[in-house]
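Everything on this sheet refers to the single structure shown next.
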Amino acid sequence: MITVGFSQVGAESDWRTANSESMKSTFSEKNGYKLIFDDAQQKQENQLTAIRNFIQQEVDYILLAPVTETGWDTVLQEAKDAGIPVIIVDRMVDVSDDSLYTTWIGTDALCEGRKAAEWLNGFAEAKGIAASDIHIADIQGTIGSTAQIGRTKGLEEGVDKYGWDLVAQQTGEFTQAKGQEVMESILKQSGDDIDVVYCENDNEAFGAIDAIKAAGYEVGGEEGQILVMSFDTTNAGLTDTLSGKIICDTECNPLHGPRVEEIIKKLEDGKDVEKKAYVEEEMFAYDDTVKSVKVDDKDYDVTKITQEILDKRAY
Ligand code: GZL
Ligand code: ZN
């Protein structure tokens, strides 16, 4: 029986729930694992406590989904001194010595942000919308998390490259409630002048859409409507993309359970594993105005979402 301690960020989003279910169904007793699952409610101090508990319990592996990138060196040194391999899942840690963790498996948030910015440029060009007419509100994720850092950077590069106007930038902490609250305050400050809301995950988008409609505006791709962009492509997010409430949703795949198990099996067999493993990701949109985007000389298809695609998805 392999004992695995998993320190997870918290149940802030549909994405996080899908990730947790993937980890729990993979590291089940019938699969030969004892999983100790700790939910940190988005607080780093709870993760530090959980990791120290895992060390006390002498687990075989520590899985860490870090809420933010910094502040892990000390506790990871304690795990290393205890001879317990640490696998970083989803977001990245920023540590002085990368021997403090065995490997990282996750998604490329900067690429996701760049894809979304290229989609917006393609959409604006196709619709003949001048860059100077694009006023954007960025509802950021948890500040200091890899997803927020990469998605924000991707947008800001687009703002610089295409001359858009970044009107507001505020964290929605990846939750629906905070996303709604932030959207309400941004609309109060500059409602008539918001053309695009760049939500750094689906749950923020759900909240932002409620706030936009409550303020009397419409969401969608038509003239005078507010474009709501999002990330995660959860089932609820793609359902909103099918109706056009979300105009484009960039995938961030949460199903890391089987990938982490594959790494553990290799480690159990004494095999080497890659230090980093990125997961392939797609992009979906309400319509086919933009059919593909180019990021770092690589082309990514943009798929117009349909009910049958939605019905077939794993999450
Ligand atoms: C992304 C992940 C983010 C999701 C959010 O890799 O860390 O955290 O985008 C989730 O939905 O809460
Ligand atoms: Zn405008």
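In each ligand, atom 1 is the first atom listed, and ligand 1 is the first ligand listed. When a residue number appears, it is its place in the shown sequence, counting from 1.
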Exercise. Would E112 and K115 pass as an ion pair if we require N to O under 4.0 Å?
Worked result: no

Exercise. Any cation-pi pair here, R52 with F54, using under 6.0 Å and within 45°?
Worked result: no

What are the distances between nitrogen or oxygen atoms of ligand 1 and protein nitrogen or oxygen atoms, counting only those under 3.5 Å?
from	atom 1	to	atom 2	distance (Å)
ligand 1	6 (O)	D90	OD1	2.4
ligand 1	7 (O)	R16	NH2	3.3
ligand 1	7 (O)	D90	OD1	3.3
ligand 1	7 (O)	D90	OD2	2.6
ligand 1	7 (O)	R91	NE	2.7
ligand 1	8 (O)	R16	NH2	3.0
ligand 1	8 (O)	R91	NH2	2.8
ligand 1	9 (O)	R151	NH1	2.8
ligand 1	9 (O)	R151	NH2	3.4
ligand 1	9 (O)	D232	OD1	2.6
ligand 1	9 (O)	D232	OD2	3.4
ligand 1	11 (O)	S13	OG	3.1
ligand 1	11 (O)	N201	ND2	2.9
ligand 1	11 (O)	D232	OD2	2.5
ligand 1	12 (O)	E12	OE2	2.4
ligand 1	12 (O)	S13	OG	2.8

For this session: Give the name of the N/O/S atom in D195 that lies closest to the Zn ion (ligand 2).
Result: OD2

For this session: Taking the Zn ion (ligand 2) as the reference point, name the nearest N/O/S atom of H135.
Result: ND1

For this session: Please determine if K245 forms a cation-pi arrangement with Y286, meaning its NZ or CZ atom is less than 6.0 Å from the six-membered ring centre and no more than 45° off the ring axis.
Result: no

Problem set entry | Residues K298 and D296 bridged, charged N to O under 4.0 Å | no

For this session: Using 2.8 Å as a strict upper limit, say whether an N, O or S atom of D165 approaches the Zn ion (ligand 2) that closely.
Result: no

Give the table of side-chain donor-acceptor pairs shorter than 3.5 Å for residues 155-162, with sequence neighbours excluded, one pair per line with atom names and distance.
from	atom 1	to	atom 2	distance (Å)
E156	OE2	Q169	NE2	2.8
E157	OE1	R114	NE	2.7
E157	OE2	R114	NH2	2.9
E157	OE2	K153	NZ	2.9
K161	NZ	E118	OE2	2.9
Y162	OH	E118	OE1	2.7
Y162	OH	E118	OE2	2.9

Exercise. Quick one: do K188 and E184 make a salt bridge, cutoff under 4.0 Å?
Worked result: no

For this session: Go through the steps to decide whether I2 and Y61 satisfy the test side chain to side chain contact (heavy atoms under 4.5 Å, CB included), and finish with yes or no.
Result: CA-CA 8 Å; I2 295 177; Y61 292 90; 3.8 Å; yes

